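Step one of this worksheet: look at the structure below.
Keep in mind that this is a model prediction, so the values were computed, not measured. Below, all heavy atoms of this structure are taken into account, side chains as well, without hydrogens, waters or symmetry copies.
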Amino acid sequence: MQIFDYHLWANKLVFKHLKELPGEVCFQEVQSVFPTIYDTIFHMYQVDYVWLRVLKGDNFESIIQGVTQLQDEKLERSLEKLEQNHLQLSAEYRDFIDGHENLNEITTIHHPSYGTLKASYFDLLQHVVNHGTYHRGNITAIFRQLGYKGTQTDYVFYLYEIQK
């Protein structure tokens, strides 16, 4: 699952880049899709959490309950803790992916508002990657708005990296 490895690589680069900047950058408010970089990264974490639970077959109500519990962690506003949560979740995704022989297998998702969806595990993992790519773009825009350069997280740079 090279595409998912890319997602994890790109997230790590964002955290690495944030550590090289003044600490307040992560929490500085801007006019954007999310008010801060921290809020954007936390949203990415929440969505990755939700989709892993969906992939594992958890029901909607238990997923919502888990998301509610995550809100308490958001209030801590700790970039270090958020990075650790991302790393832990990455390991859980890796275990899930490694534990499935056929990611093209179709699974069924039931959502109270959207209805029933039949999709492959691969399609859902691709969605997680696309979602992360979208919001890493938001983060780059926030960096620029705050007067800092972003970091290169394009897929092609990942390909160069793994080719070394």
Side-chain angles (χ1 to χ4, degrees), residues 1-20 26 34 37-74 76-140 150-164:
M1 278 292 310
Q2 182 171 308
I3 195 69
F4 201 79
D5 287 340
Y6 154 70
H7 177 64
L8 304 179
W9 171 87
N11 286 342
K12 286 179 185 177
L13 278 183
V14 169
F15 280 109
K16 181 179 183 266
H17 186 60
L18 275 167
K19 290 176 191 174
E20 296 167 354
C26 188
F34 292 94
I37 291 172
Y38 180 85
D39 289 314
T40 311
I41 296 171
F42 192 87
H43 169 77
M44 293 167 61
Y45 169 68
Q46 267 189 310
V47 170
D48 284 7
Y49 168 86
V50 166
W51 282 107
L52 180 60
R53 299 274 309 265
V54 168
L55 290 164
K56 289 181 172 183
D58 293 349
N59 68 44
F60 182 80
E61 291 76 24
S62 70
I63 294 171
I64 293 303
Q65 189 175 35
V67 168
T68 301
Q69 290 172 341
L70 292 180
Q71 288 302 316
D72 292 337
E73 292 180 25
K74 182 179 180 184
E76 290 180 34
R77 295 181 62 86
S78 166
L79 186 61
E80 294 78 19
K81 172 127 172 132
L82 185 54
E83 181 180 24
Q84 288 306 311
N85 289 349
H86 266 272
L87 292 172
Q88 175 61 39
L89 197 58
S90 297
E92 291 178 41
Y93 263 103
R94 176 56 50 212
D95 289 345
F96 177 84
I97 291 167
D98 291 345
H100 278 75
E101 291 181 24
N102 181 10
L103 292 172
N104 289 313
E105 179 184 348
I106 302 298
T107 186
T108 303
I109 300 169
H110 303 285
H111 189 279
S113 299
Y114 300 119
T116 300
L117 172 69
K118 291 180 186 280
S120 71
Y121 290 107
F122 178 81
D123 286 335
L124 299 175
L125 288 165
Q126 182 68 58
H127 168 69
V128 172
V129 173
N130 288 347
H131 180 263
T133 299
Y134 175 79
H135 287 301
R136 283 187 296 272
N138 296 145
I139 290 168
T140 297
T151 187
Q152 290 290 347
T153 59
D154 288 349
Y155 184 64
V156 73
F157 294 110
Y158 168 75
L159 293 176
Y160 276 114
E161 180 78 22
I162 64 171
Q163 189 175 344
K164 289 180 185 176

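Separation of atoms OH (Y93) and CG (D95) is listed at 13.0 Å; rounding is to 0.5 Å. A distance of 4.5 Å separates CD1 in I109 from CH2 in W51, rounded to the nearest 0.5 Å. Interatomic distance, CD of E83 versus CG of L18, reported as 9.0 Å (0.5 Å rounding). Atom CG of L89 and atom CG of N85 lie 8.0 Å apart (nearest 0.5 Å). Note that CZ of F96 and CE of M1 are 10.0 Å apart. Values are rounded to the nearest 0.5 Å. The OG1 atom of T133 lies 11.0 Å from the CG atom of N138; values are rounded to the nearest 0.5 Å.
A cation-pi arrangement, defined by a distance under 6.0 Å to the six-membered ring centre and an angle within 45 degrees of its axis, is absent between R136 and Y158.
Two rings, from F4 and H7, have their centers less than 6.0 Å apart. Between F60 and H111, the distance separating the two ring centers is shorter than 6.0 angstrom.
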Inset, instruction - Using the side chain to side chain contact (heavy atoms under 4.5 Å, CB included) rule, take T153 and V14 through it: C-alpha gap first, then chi angles, then the decisive distance, then the call. - result: CA-CA 8 Å; T153 59; V14 169; 4.2 Å; yes
Inset, instruction - Quick one: do I41 and F15 satisfy side chain to side chain contact (heavy atoms under 4.5 Å, CB included)? Show the steps, please. - result: CA-CA 9 Å; I41 296 171; F15 280 109; 3.6 Å; yes
Inset, instruction - Apply the test side chain to side chain contact (heavy atoms under 4.5 Å, CB included) to residues H17 and Q152: give CA-CA distance (whole Å), side-chain angles for both, the deciding distance (0.1 Å), then the verdict. - result: CA-CA 10 Å; H17 186 60; Q152 290 290 347; over 6 Å; no
Inset, instruction - Check the pair M44, N11 against side chain to side chain contact (heavy atoms under 4.5 Å, CB included), reporting the backbone distance first and the verdict last. - result: CA-CA 10 Å; M44 293 167 61; N11 286 342; 3.2 Å; yes
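Residue pairs that meet the salt bridge (charged side-chain N to carboxylate O under 4.0 Å, His left out) test with at least one member in residues 59-70, sequence neighbours left out, do not exist here. Judged as a salt bridge (charged side-chain N to carboxylate O under 4.0 Å, His left out), the pairs with a partner in residues 152-163 (not counting sequence neighbours) are, in order, E161-K164.
More than 12 heavy atoms of other residues, nucleotides or ligands shown are found within 6.0 angstrom of CD on Q71.
Smallest separation of non-hydrogen atoms from L79 and Y38: N-CE1, 4.1 Å. When every heavy atom of G150 is checked against every heavy atom of T140, the shortest pair comes out as CA-CG2, 4.4 Å. Closest approach of L103 to S120, counting heavy atoms only: O-CB, 3.8 Å.
For the side chain to side chain donor-acceptor pair (under 3.5 Å) test with R53, the passing option among D58, D48, N59 is D58; the others fail. Partner of K118 under the side-chain contact (heavy atoms from CB on, under 4.5 Å) criterion, chosen from D123, I106, T107: I106.
Using cut-offs of 30° and 60° on the angle between ring planes, the pair F34 and H135 is perpendicular. Using a 30° and 60° split on the angle between ring planes, Y6 and Y155 fall in the perpendicular class, above 60°.
For Q84, there are no side-chain hydrogen bond (donor to acceptor under 3.5 Å, both in side chains) partners at least two apart in sequence or on another chain.
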